[in-house]
Amino acid sequence: MTIPLIPILLVAAAACVPSLCGQGDPPVLQPEAPVETRSRFAALDDVRLLGNGLLQLGQSLREFVQKTRGQINDIFQKLNIFDNSFSQLSVLASEIKEEEEELKKTTVVLKANNEEIKDMSVRIDSKVDIILQEKSQLQNKVEGLEEKLSSMSHGLVTSEQVAEINGLRKVILSQERSITELLEAVREQSDQLNHQRAKIRILEEKFTVNTLTQETNERMPDIFKGEAPTLTPYLSSSSTSSMTNLPSDCSDLFNRGERVNGVYAIRPKGTEPFMALCDMSKEYGATVIQQRMDGSVNFDQIWEKYENGFGDFQGDFWLGLRNVHSLVTQGSSVLHIQLEDWKHNRRFIEYRFNLNGPESNYTIHLTHLSGDFPDPMVNHTGMMFSTKDRDNDNHQESNCAHDYTGGWWYNACGDTNLNGRYFHMRPKGRSDRRRGIQWKPAQKTYYSLKRTQISVHTPAYPITTPASSASTETGVFL
């Protein structure tokens, strides 16, 4: 507090009155120089401004710390997932190595048995040759005896000749029985040899598959954590006429006379050209928008990748939501899905297909047309596309694309996702099996598929919706 200056001066003057009265002259008050006082209000404003700045800095630091903490938690979660995957792969690799050692031992034993059977077969063949030679010699003797008998038909046959003939007959019958037994033994040995060869061939195939599986499993951590490659881009030409003459899709290319499967440049109406894989094996040309065949590409990608496309046309790839949307906006489209399990059973299903644009997060619309197995996509039509970094599903408590390791048109997650993780061997855990390439009808167990292909084509005739979109299951699949 600043003490007022005037009261202090008055008190000092009152104290000096007696002494001044003792002297003759009244005191003359000299005006003092005004004391310069510094206002403290400006300093408080500075402190307030400084305090506000510090508060804002603290708030920014708090937000930065929270954001960094969230990123660190995400990193730890990914590291835990990677550790779990790596431990599972280590267990699988050890099991494969044990099976490989057992197969090697079994192969060695079978090869030794094969050599023994081969030696036995050679010995039997030599014995058969000897027996056949003896048989021919006996037949010659019999013929000679028959000639003698015919020459002696007019005379009497002696008892010695009768005994000799009977003895030769017994010998011949005995040799014929021996030949029959040897031929039966040769037939049995040949059947055993063929059976052993089939076993060796099956074991060799199994050994080759396990070796390839082990190599793929060793590469799986790199695949899971790696970024998917970008699809082959369209290389623009200096000629504008060549660009304008490009087919609008693979159906248009088929109608122009092309019948060879391959990667072609196409240009849907109103869009830029891009490369696409065309399937010409049917009675129409189909533009392939997704393919899974060997697990060489990680499909657990972000929104940008799924929108623009990724992978390799010679293996696993996703054409891109933007390109698919440009294809279906040209007119009526049919979505053809072909699946194959690990027992080489193949099934297909077809839908009338439409896809909204990016403003609606590529909402899918499907109407079942035909197929030879049930339709689990009935609960996915009308859904937006979701990825691990853009959650558009109807599940309130989780991100289905993150949990199921792949972008898809999820409802409340569900049991259908053809962009899940590729498994070469059936996972032991149910939660891992759910992350696979799933097409799960009701009342079926989780099963990860071997091959998938999703394609789009223009129908040759106007589409007529069947009276009932429900499909009945035919045959055995999965």
Side-chain angles (χ1 to χ4, degrees), residues 85 89 209 211-236 246-247 249-250 253 258 260-268 271-281 285-327 335-340 342 346 362 385 387-388 401 404-408 417-425 435-439 448-457:
S85 301
L89 290 173
V209 170
T211 303
L212 293 175
T213 302
Q214 182 178 358
E215 293 176 354
T216 304
N217 286 335
E218 290 174 353
R219 293 187 293 110
M220 282 175 69
D222 295 333
I223 293 174
F224 290 159
K225 69 182 180 181
E227 184 177 353
T230 304
L231 287 174
T232 304
Y234 171 76
L235 300 178
S236 60
L246 289 176
D249 54 20
C250 296
L253 187 64
E258 185 61 60
V260 179
N261 296 342
V263 179
Y264 297 91
I266 62 174
R267 187 185 185 188
T271 63
E272 294 297 321
F274 57 87
M275 305 302 292
L277 176 62
C278 294
D279 182 5
M280 305 295 192
S281 61
T287 307
V288 182
I289 65 175
Q290 187 255 39
Q291 182 170 268
R292 308 293 299 276
M293 56 189 302
D294 56 10
S296 58
V297 175
N298 178 18
F299 270 61
D300 188 15
Q301 300 296 325
I302 60 176
W303 179 269
E304 182 182 0
K305 284 287 187 179
Y306 270 101
E307 190 171 38
N308 297 324
F310 58 86
D312 183 4
F313 286 120
Q314 304 302 322
D316 296 1
F317 74 89
W318 174 264
L319 186 61
L321 294 167
R322 182 180 286 111
N323 294 333
V324 177
H325 176 253
S326 67
L327 289 170
L335 187 73
H336 181 93
I337 300 176
Q338 183 168 315
L339 309 176
E340 180 180 341
W342 291 90
R346 293 185 179 182
Y362 301 101
F385 198 84
T387 58
K388 62 183 180 180
Y404 284 63
T405 64
W408 192 250
N417 173 23
L418 297 184
N419 289 336
R421 180 175 295 180
Y422 193 98
F423 290 109
H424 290 82
M425 297 181 66
R435 295 188 180 98
I437 304 173
Q438 297 292 332
W439 187 269
S448 188
L449 296 166
K450 179 182 179 182
R451 286 180 73 106
T452 69
Q453 187 187 82
I454 307 176
S455 59
V456 177
H457 68 273

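Counting only heavy atoms from C-beta outward, the side chains of N419 and Q301 never approach each other to under 4.5 Å. A heavy-atom distance below 4.5 Å is found between the side chains of P273 and L246. Side-chain contact between V456 and D249: absent, with no pair of heavy atoms (C-beta onward) separated by less than 4.5 Å. Contact annotation: the side chain of E307 approaches that of Y362 to within less than 4.5 Å [non-hydrogen atoms, C-beta and beyond]. Using a 4.5 Å cut-off on side-chain heavy atoms (C-beta onward), R292 and L418 make no contact. Counting heavy atoms from C-beta on, the side chains of D316 and D294 come closer than 4.5 Å. Between F274 and L319, the closest side-chain pair of non-hydrogen atoms falls below 4.5 Å. A 4.5 Å side-chain heavy-atom check between L231 and N323 finds every atom pair outside the cut-off.
Taking CD of Q453 as the start and CD of Q291 as the end, the distance is 5.5 Å to the nearest 0.5 Å. If you take SG on C250 and CD1 on I266, they are separated by 5.0 Å, rounding to the nearest 0.5 Å. L339 contributes atom CG, which lies 7.0 Å from atom OG1 of T452 (distance to the nearest 0.5 angstrom). Atom NE2 of H424 and atom NZ of K450 lie 9.5 Å apart (nearest 0.5 Å). In this structure, the separation between CG on L449 and CH2 on W439 is 9.5 Å, given to the nearest 0.5 Å. Taking OG1 from T387 and CG from L321, the interatomic distance works out to 9.0 Å, rounded to the nearest 0.5 Å.
Closest approach of S326 to T271, counting heavy atoms only: CB-CG2, 3.5 Å. Of all non-hydrogen atoms in K305 and F310, the two that sit nearest each other are O-CD2, 3.5 Å. Counting all heavy atoms, side chain and backbone alike, S448 lies closest to R421 at OG-O, 3.9 Å.
Ring orientation note: the planes of Y306 and F299 are nearly perpendicular, at an angle over 60° on the 30°/60° scale.
Residues passing the side chain to side chain donor-acceptor pair (under 3.5 Å) test with N417, sequence neighbours excluded: Y410. Every residue was checked against the side chain to side chain donor-acceptor pair (under 3.5 Å) condition with T230, not counting sequence neighbours, and none meets it. Partners of F317 by ring-ring contact (aromatic ring centres under 6.0 Å, His included), not counting sequence neighbours, listed by chain and number: F313.
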(message) Apply side-chain contact (heavy atoms from CB on, under 4.5 Å) to residues M280 and L253 and explain how you reach the verdict.
(response) CA-CA 9 Å; M280 305 295 192; L253 187 64; 3.6 Å; yes
(request) Carefully, step by step, assess E258 and Y264 under the rule side-chain contact (heavy atoms from CB on, under 4.5 Å). (result) CA-CA 11 Å; E258 185 61 60; Y264 297 91; 3.3 Å; yes
